[in-house]
Amino acid sequence: MIQEQLRQLIHEALTKMSSDNGSDVSAPLTATKIAGDFPRSIEIETPNNPEHGDFSTNIALVLSGLLDAPPRQLAERIVANIPPNDIIERVEVAGPGFINFYLLPLWLHKVLEQCLTKPDRYGCSDYGTGQKVQVEFVSANPVGPIHIGNARGGPFGDALANLLATIGYEVQREYYVNDGPENTQLKIFGASVQARYLQELGIETEFPADGYQADYVVDLAQRIVKQDGDAHADVPADESGALHFFSLVEEWMVEGLHEDCAAMGIEFDRWFRETELYEQDQVRQQVNGLLQSGTAYEKDDAVWLRAAEFGDEEDRVLIRRSGSPTYIASDLAYAVDKFIKREFDKVIYVWGPDHAGYVARLQAALAAIGVKKDQSEFIIYQTVRFLEGGEPLALSKRQGNIITIREIIDDIGRDATRFFFLMRSVDAHLDFDLDLARQQSQENPVYYVQYAHARICSIQREAAKRGFEVLPLQQVDLSLLTHPDELTLLRKIADYPQLIQQAALDRAPHRLPHFAGELAQTFHQFYSTCRVLDPDQPALSQARLKLVQGTQMVLQNLLGLLGITAPEQM
RNA sequence: GCGCCUGUAGCUCAGUGGAUCAGAGCACCGGACUUCGGAUCCGGGUGUCGGGGGUUCGAAUCCCUCCAGGCGCGCCA
């Protein structure tokens, strides 16, 4: 990256300054230290105002405090010490002490060359190479389809995983299926299926007060009747009966979750069943281990984790008075599997807002088993409000009126669905207005981006149709690209690697749709002023075709990261 | 009561220590085409960046406080 080269030049300037004689004593010493560390608060960035150069750094402003020197004066000294090089045209000190770099136009053409030489790798880096990261997301209970209330983590986790892979991490996508025998939700769900089943058989039954009332539960009951008739009519209406009925539908439920995720374009590397932990007696074993090490203790006929000693508000129950393990007990066993058995360097948990209060608890539990603090990350996405006719809809699975993610996808399409979910920061509440989404589906931002790609493909088709011979890169003179709109587009392409890196590090996939929109806009502007296929200017046409192709590559990369198709025509 | 998230243009939201940083999309109004796709382009913004205080050379951005909204706070998951 060009920024790296500039960084190196500044670094050399600082080192040179610190060895200069004739200046004061303390400043050079500190400059040496800073040259070594090069603090993160020092930025090399693209100025918003093009008049401020191609790149700009705030280094003199940041260092002036540390070195006790006026920023502008410091900036001048740094500039004077920058070694000779072949990328900078000129450097200026501006404003309160910014250093602005004006590069030789050649650098933009070099960037395009890089992009076209290794299009798949453009924007990639080796930042995370050698590190295993797991992103665990969705993980909705197997008690119903994925719906608009818990779907947001899907596209987010998927795009985040893509981003992390782009900067070199070895990434694994995991779905945790809470099908453990102690899951209270499952029991309520199983009891609901049982009640509907008996009703299907015409047997008068009281529906559980807190049961799942949605229609799909009736469908499941009908499916059981169709398959087994009244074979389960005599199953007792107690906990064991509820679990029996859950076991009857479990595979259907998990299958449905697979299909829902597939509909969203998400493929998990692993579906981890909570039952695996119980089958291998991992939960008990882990709790016993904690008891032995004194990290857990017995009180009031229950087993408690000393969570308060690890940062939680209070100690937490691991084994209930009834003798059955709590969710946190199996989550601990699950964490042991992730961090210790499978040796992930980092696990990113993507959770819904209802789990916000659980973060501190699991963090404490992780600390209790010796997982380092920076090995786990918790991303809580905020609520999605689903509006129809201006009214927010209730999303509870317990009630009948759920809206599944597949209904949305059938309605407005996968691309638009993913784009809508991804274009907002997960920290922000999301208003998903169905009326608007339908109505706007033709004016949707995703179409704007896809249209740019389709248009590029169209230009290439046209070139082929006219018998335009596309020359290999080495024979094309990219330096002919000098029009302001060409340079703006080149600059946008050059910005891409930095965007990817930062979006990945900030866990901020929502920057991608924004950037994609900007890139598309820049391209459309270029298109309206610069004729690509111009018979009168064959050399320029060749160069413009390369520019168009570079844009296409970046668009494809971006859309790929978002999990959205890049159509050749629309 | 405590914790997390949010408060920016009519609406939905970016920007979270930099300079023309008061922004985008939508909506609304007005323009552009005998030429590579008009799902396009160009022009049109009087906003207490929720209020107040503080830190800083510099604050929408960091800290404190108040106000408003959302979501959590179980031997449920």
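Chain letters run A, B, ... following the sequence lines, proteins first and then strands; every chain starts at 1.
- Contact annotation: A:R424 does not reach the phosphate of B:rU6 (side-chain N/O to OP1 or OP2, under 4.0 Å).
- In this structure, A:R152 is not positioned above the aromatic face of A:Y381 in the sense of NZ or CZ being under 6.0 Å from the six-membered ring centre and within 45° of the axis.
- Of the C1' atoms belonging to B:rU46 and B:rA9, the separation is 11 Å, rounded to the nearest Å.
- Pair assignment for B:rA68: B:rU6, on the basis of Watson-Crick or G-U wobble contacts that are both within less than 3.5 Å.
- Remark: B:rA59 base-pairs with no nucleotide; criterion is Watson-Crick or G-U wobble with both hydrogen-bond distances under 3.5 Å.
- Across B:rC71, B:rA77, B:rG18, the shortest atom-to-atom separation from the side chain of A:P353 is found for B:rC71.
- Here the separation of B:rG45 from B:rA22, taken at their C1' atoms, is 10 Å to the nearest Å.
- Proximity note for A:S458 (side chain, C-beta onward) versus B:rC41, B:rC75, B:rG37: the nearest is B:rG37.
- The 5' end of RNA chain B is approached more closely, in terms of each residue's nearest nucleotide, by A:A94 than by the other of A:E568 and A:A94.
- Comparing B:rG25, B:rA14, B:rA77 by their closest approach to the side chain of A:T184 singles out B:rA77.
- Contact of the A:M253 side chain with the A:N141 side chain is not registered, since no non-hydrogen atoms from C-beta on lie closer than 4.5 Å.
- The listed nucleotides are B:rG70, B:rG38, B:rC76; the one nearest the side chain of A:T383 is B:rG70.
- Between B:rG52 and B:rG47, the two P atoms lie 16 Å apart (nearest whole Å).
- The residue among A:H510 and A:H355 whose nearest nucleotide of RNA chain B lies closer to the 5′ end is A:H510.
- Of the candidate nucleotides B:rG37, B:rU16, B:rC5, B:rU16 has the atom nearest to the side chain of A:R511.
- When each of A:E279, A:E250, A:E174 is tested with A:R273 by the rule salt bridge (Lys or Arg N to Asp or Glu O under 4.0 Å), just one qualifies, namely A:E250.
- Proximity note for A:H524 (side chain, C-beta onward) versus B:rC41, B:rC36, B:rG18: the nearest is B:rC41.
- Ring geometry for A:F523 versus A:F526: interplanar angle of 30 to 60°, hence tilted.
- Aromatic stacking is not marked for A:Y448 over B:rA39, as the cut-offs of 5.5 Å for the centres and 30° for the planes do not both hold.
- For the pair A:Q382 CD and B:rU12 C1', the computed distance is 17 Å after rounding to whole Å.
- Computed from coordinates, the A:L243 CG to B:rA77 P distance equals 13 Å when rounded to whole Å.
- You'll find that the side chain of A:A428 is closest to B:rA14, out of B:rA19, B:rC41, B:rA14.
- A sub-4.0 Å separation between OP1 or OP2 of B:rG25 and a side-chain N or O of A:Q521 is present.
- In the set B:rU6, B:rA39, B:rC75, B:rA39 carries the atom at the smallest distance from any side-chain atom of A:Y451.
- Residue side chain A:Q525 does not reach the base of B:rC41 through any donor-acceptor N/O pair under 3.5 Å, judged by distance alone.
- Counting any heavy atom pair closer than 4.0 Å across all strands shown, A:R316 reaches no nucleic acid atom.
- Nearest approach of A:R320 to A:A302, heavy atoms of both residues: C-CB, 4.3 Å.
- For A:Y527, taking side-chain heavy atoms from C-beta onward, the closest of the listed nucleotides B:rC41, B:rC13, B:rG38 is B:rG38.
- For A:H429, counting side-chain heavy atoms from C-beta on, the closest listed nucleotide (B:rA77, B:rU35, B:rG69) is B:rG69.
- Aromatic ring orientation, A:W271 versus A:F268: perpendicular (interplanar angle above 60°, classes split at 30° and 60°).
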